[in-house]
Amino acid sequence: MKNVETAAALDTRTRDRVAELLLQGAATATELGRILGLSPAGVRRHLDAMQADGLVECRERLERGPRGRGRPAREFLLTAAARETLPHTYDGLASAALRWIAEHGGPAEVAAFAAAQVGGLEERCQAAMAEAGSDPVARAEALARALTAEGYAAGATTIATGGQLCQHHCPVAHVAAEFSQLCEAETQVISRLVGTHVQRLATIANGDGVCTTHIPARVEPGARPDRQRIVR
């Protein structure tokens with residue numbers, strides 16, 4: 001009996017670890033196994049159980065460029081139900097309050113509330129970015145660290161046209177799905193913090209796996225369009 005309980009506890013810990021990894025983005029069984037030190041078959045056993053519980057879903061990975069022979073790789077990602085088990089800062093009462101504001105004050109009042117709500121977040125992140133410099137991409141990296149400390153599981157990457165800020169968890173996703181003003185206010189905060197116009201490409205509230213924000217690279221004065229580069 002004790003061995004059975006030990007095995008069940010190990011399975012639970014492994015599945016919790018799988019959920020933590022999928023919080024960073026979709027992954028294949030092979031990729032998960034490489035991190036966890038398990039065989040792909042061993043990881044799939046846990047993924048099958050999580051899929052049966054409605055915690056993960058599977059899809060074919062979108063390949064960029066020419067695809068090799070064989071079936072497309074299958075990747076796994078957390079479902080909305082799984083994300084609901086993570087900590088949230090809002091509940092049904094917040095949604096009801098915003099509906100009341102929208103009914104009695106209109107969309108502009110909801111937007112004003114959203115701006116006020118993210119004001120504290122902006123102040124805390126601004127303090128954490130005090131020594132980040134002026135380059136937008138470098139500031140995005142500092143912002144990612146600050147947002148992670150706030151529970152957003154964020155990361156920043158450099159791409160050809162600048163940088164991308166990815167937030168793998170949204171504490172207000174279930175409310176923002178109904179009130180887009182929350183996402184819009186957060187986008188404005190990101191823009192002010194990195195010091196340049198940004199573009200929201202995807203949001204968890206809209207059903208995407210990750211909130212993704214594009215941050216354009218700084219263009220050096222006098223640089224030709226085909227010679228622009230990222231200033232780090």
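Listed here is the closest heavy atom pair of Ala132 and Ala142: CB-CB, 3.7 Å. Nearest heavy atom pair, residue Ala205 against residue Ala173, reads CB-O, 3.8 Å. Nearest heavy-atom pair, Arg139 versus Gly133, reported as atom, atom and distance to 0.1 Å: NH1-O, 2.8 Å. Closest of all the heavy-atom pairs between Ala29 and Leu47 is CB-CD1, 4.1 Å. In terms of heavy atoms, Ala102 sits closest to Phe179 at CB-CE2, 4.3 Å. The shortest non-hydrogen separation linking Gly54 to Thr79 is O-OG1, 2.6 Å.
Side-chain contact check for Gln117 versus Val172: every heavy-atom pair is 4.5 Å or farther apart. In this structure, the side chains of Leu147 and Cys125 come closer than 4.5 Å at one or more pairs of heavy atoms. Side-chain contact between Leu78 and Leu55 is absent, with no heavy atoms from C-beta onward closer than 4.5 Å. Between His214 and Pro216 there is a side-chain heavy-atom pair separated by less than 4.5 Å.
Under the 4.5 Å side-chain contact rule for hydrophobic residues, Phe76 and Val18 share a cluster. Ile101 and Val118 fall into different hydrophobic clusters, where Ile, Leu, Val, Met, Phe, Trp and Tyr residues are linked whenever their side-chain heavy atoms come under 4.5 Å apart, directly or through other members. The hydrophobic cluster containing Leu165 also contains Tyr152, counting ILVMFWY residues as joined when their side-chain heavy atoms lie under 4.5 angstrom apart, directly or transitively. Hydrophobic clustering of Ile, Leu, Val, Met, Phe, Trp and Tyr side chains at less than 4.5 Å, counting indirect connections, keeps Val194 apart from Ile159. Leu77 and Val210 fall into different hydrophobic clusters, defined by Ile, Leu, Val, Met, Phe, Trp and Tyr side-chain heavy atoms under 4.5 Å apart, directly or through other members.
The CG atom of Leu38 sits 12.0 Å away from the CZ atom of Arg44 when rounded to the nearest 0.5 Å. Atoms CG and CG, on Asp53 and Asp48 in that order, are 11.0 Å from each other to the nearest 0.5 Å. Interatomic distance, CD of Glu122 versus CD of Gln188, reported as 9.5 Å (0.5 Å rounding). Remark: Leu32 CG to Thr14 OG1 distance equals 11.5 Å, nearest 0.5 Å. In this structure, NE2 on His46 lies 9.5 Å from OG1 on Thr12, to the nearest 0.5 angstrom. Note that CD of Glu103 is 11.0 Å distant from CZ of Arg99, once rounded to the nearest 0.5 Å.
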Side chain to side chain contact (heavy atoms under 4.5 Å, CB included) between Leu201 and Thr213, intermediate numbers included: CA-CA 6 Å; Leu201 304 179; Thr213 306; over 6 Å; no
Trace of the salt bridge (charged side-chain N to carboxylate O under 4.0 Å, His left out) decision for Arg200 with Glu184: CA-CA 9 Å; Arg200 217 62 183 283; Glu184 292 163 3; over 6 Å; no
Worked check of salt bridge (charged side-chain N to carboxylate O under 4.0 Å, His left out) between Arg34 and Glu31: CA-CA 5 Å; Arg34 188 179 303 122; Glu31 291 167 343; 5.6 Å; no
Worked verdict on Arg74 versus Glu60 for salt bridge (charged side-chain N to carboxylate O under 4.0 Å, His left out): CA-CA 5 Å; Arg74 291 162 61 83; Glu60 290 185 355; 5.8 Å; no
Intermediate values then yes/no, side chain to side chain contact (heavy atoms under 4.5 Å, CB included), Thr158 and Glu141: CA-CA 9 Å; Thr158 301; Glu141 294 172 350; 4.2 Å; yes
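Under a 3.5 Å cut-off, the side chain of Asp208 and the backbone N or O of Ala202 do not form any donor-acceptor pair. No donor-acceptor distance shorter than 3.5 angstrom exists from the side chain of Ser95 to the backbone of Val175, with no hydrogens or angles considered. Put simply, the side chain of Ser191 never gets that close to the backbone of Thr187: no donor and acceptor are under 3.5 Å apart. Thr30 contributes no side-chain N or O that, together with a main-chain N or O of Pro40, makes up a donor-acceptor pair within less than 3.5 Å.
Checking each of Val189, Ile190, Ile215 against Leu143 for a side chain to side chain contact (heavy atoms under 4.5 Å, CB included) leaves exactly one that passes, namely Ile190.
Counting heavy atoms of neighbouring residues, nucleotides and ligands inside a 6.0 Å radius, atom NE2 of His197 does not exceed 12 of them.
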